[in-house]
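Take a look at the structure set out below.
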Amino acid sequence: MLDSMGSLRSLTAGPWIYPVVATSILLDVFLPVLPSGFLVISAATAASAALGSATAAADVPSLLPLLLTAAAASALGDFLAYRLALRGGPRMDRAIARSRRLSVARERLGTALARGGGLIVVLARFAPAGRSVVSFGAGAARRRPEEFLPWSALAAVIWASYSVGLGYLGGQWLGATWFSAGVSTLALLLAGGLAGYLIRRPGAAPAPAS
């Protein structure tokens, strides 16, 4: 366990972990294969296990700055993707049209947001590649900022809190080990699978307000 704790701490030790986490989260809206969730969970796991150790506290992340970094980077990434699609004009429209997933997302998201169904933005933050589809889809559908950005910020806070919380609980229950980080990451993936199911199921979009 001590060896595992040391190797996990070596991945997350030092102030550089915050810009690395922020960059990974910021870019994974464009490259969904980046392991941003795993980085957040690993850092939170190391931070959790170090809470009771004064000697280790200096070389591991702190939970609150980690949460704030993750949430801010997530919201900023969504905003950049939204603005890129919003200002892309005909060229972006043609690119969206070539992707069946983005085309469907633009139609469904535009309708959902117009009906006040911003919950789909929150769910999509957990679904595989859902963040990318929703952020680009909102811009391509020409949704107003007040229709999309508040929900995006809420999704960022919920996702960051859930990811950091998983790492914290894993570190408390299983210690700062790779096994703990893996179990917590699996819980994040399961939440993503459930979110994807809820988005895809018939009737997922909210009904029009009466």
Side-chain angles (χ1 to χ4, degrees), residues 18-41 43 66-164 185 188-189 191-200 204-206:
Y18 298 113
V20 168
V21 165
T23 301
S24 177
I25 295 172
L26 183 66
L27 294 180
D28 79 2
V29 70
F30 305 101
L31 299 169
V33 296
L34 292 177
S36 58
F38 177 72
L39 280 177
V40 173
I41 286 173
L66 179 64
L67 190 156
L68 294 177
T69 297
S74 180
L76 179 58
D78 290 357
F79 172 74
L80 293 177
Y82 164 77
R83 289 291 293 175
L84 179 63
L86 184 67
R87 299 174 64 88
R91 180 177 298 179
M92 179 59 70
D93 287 339
R94 289 193 294 270
I96 296 289
R98 287 195 292 269
S99 169
R100 181 178 178 277
R101 174 181 281 187
L102 287 175
S103 297
V104 172
R106 175 165 60 180
E107 296 176 8
R108 292 187 62 187
L109 183 63
T111 301
L113 290 175
R115 296 172 176 176
L119 182 60
I120 194 173
V121 179
V122 178
L123 290 174
R125 184 59 187 86
F126 289 83
R131 177 191 180 201
S132 304
V133 171
V134 163
S135 297
F136 281 108
R142 306 293 188 267
R143 306 318 307 173
R144 295 190 303 273
E146 60 269 24
E147 291 180 311
F148 172 68
L149 296 181
W151 289 103
S152 171
L154 177 62
V157 171
I158 292 175
W159 177 85
S161 299
Y162 183 70
S163 300
V164 170
T185 301
L188 182 63
L189 295 175
L194 176 60
Y197 166 76
L198 292 175
I199 291 172
R200 290 190 301 268

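Here, residue 1 is the first one in the sequence, and each next residue gets the next number. The figures here come from the full heavy-atom set of this structure, side chains too, leaving out hydrogens, waters and symmetry mates. All values reported here derive from a predicted model rather than from experimental measurement.
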If you define the side chain from C-beta out and look only at heavy atoms, does anything of [X] sit under 4.5 Å from [Y]?
X	Y	result
L188	F38	no
V40	V164	yes
R125	I158	no
L39	I25	no

For Y162, all residues meeting ring-ring contact (aromatic ring centres under 6.0 Å, His included), sequence neighbours excluded: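 Residues passing ring-ring contact (aromatic ring centres under 6.0 Å, His included) with Y162: F126.
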Starting at [atom1] of [X], measure out to [atom2] of [Y] and round the result to the nearest 0.5 Å.
X	Y	atom1	atom2	answer
L84	F79	CG	CZ	11.0 Å
W159	L154	CH2	CG	14.5 Å
L194	L189	CG	CG	12.5 Å
D78	S135	CG	OG	3.5 Å
L149	R144	CG	CZ	12.0 Å
L27	L34	CG	CG	6.5 Å

If I compare all heavy atoms of [X] with all of [Y], which pair ends up nearest, and what's the gap?
X	Y	value
Y18	T69	O-CG2, 3.6 Å
P145	P150	O-CD, 3.4 Å
A22	A73	O-CB, 3.5 Å

Contacts of A156 that satisfy side chain to side chain contact (heavy atoms under 4.5 Å, CB included) - sequence neighbours left out: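 Once residues adjacent in sequence are excluded, the partners of A156 under the side chain to side chain contact (heavy atoms under 4.5 Å, CB included) criterion are S74, A75.
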Full working for side chain to side chain contact (heavy atoms under 4.5 Å, CB included) between V21 and S36: CA-CA 7 Å; V21 165; S36 58; over 6 Å; no
Donor-acceptor under 3.5 Å (S163 side chain, G37 main chain):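 Side chain of S163 to backbone of G37: no pair is present.
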Any donor-acceptor pair under 3.5 Å from T23 side chain to P19 backbone: yes
Between F148 and Y82, ring centroids under 6.0 Å: yes
Sequence neighbours excluded - salt bridge (charged side-chain N to carboxylate O under 4.0 Å, His left out) pairs with any residue from residues 18-29: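 Sorted result for residues 18-29: D28-R131.
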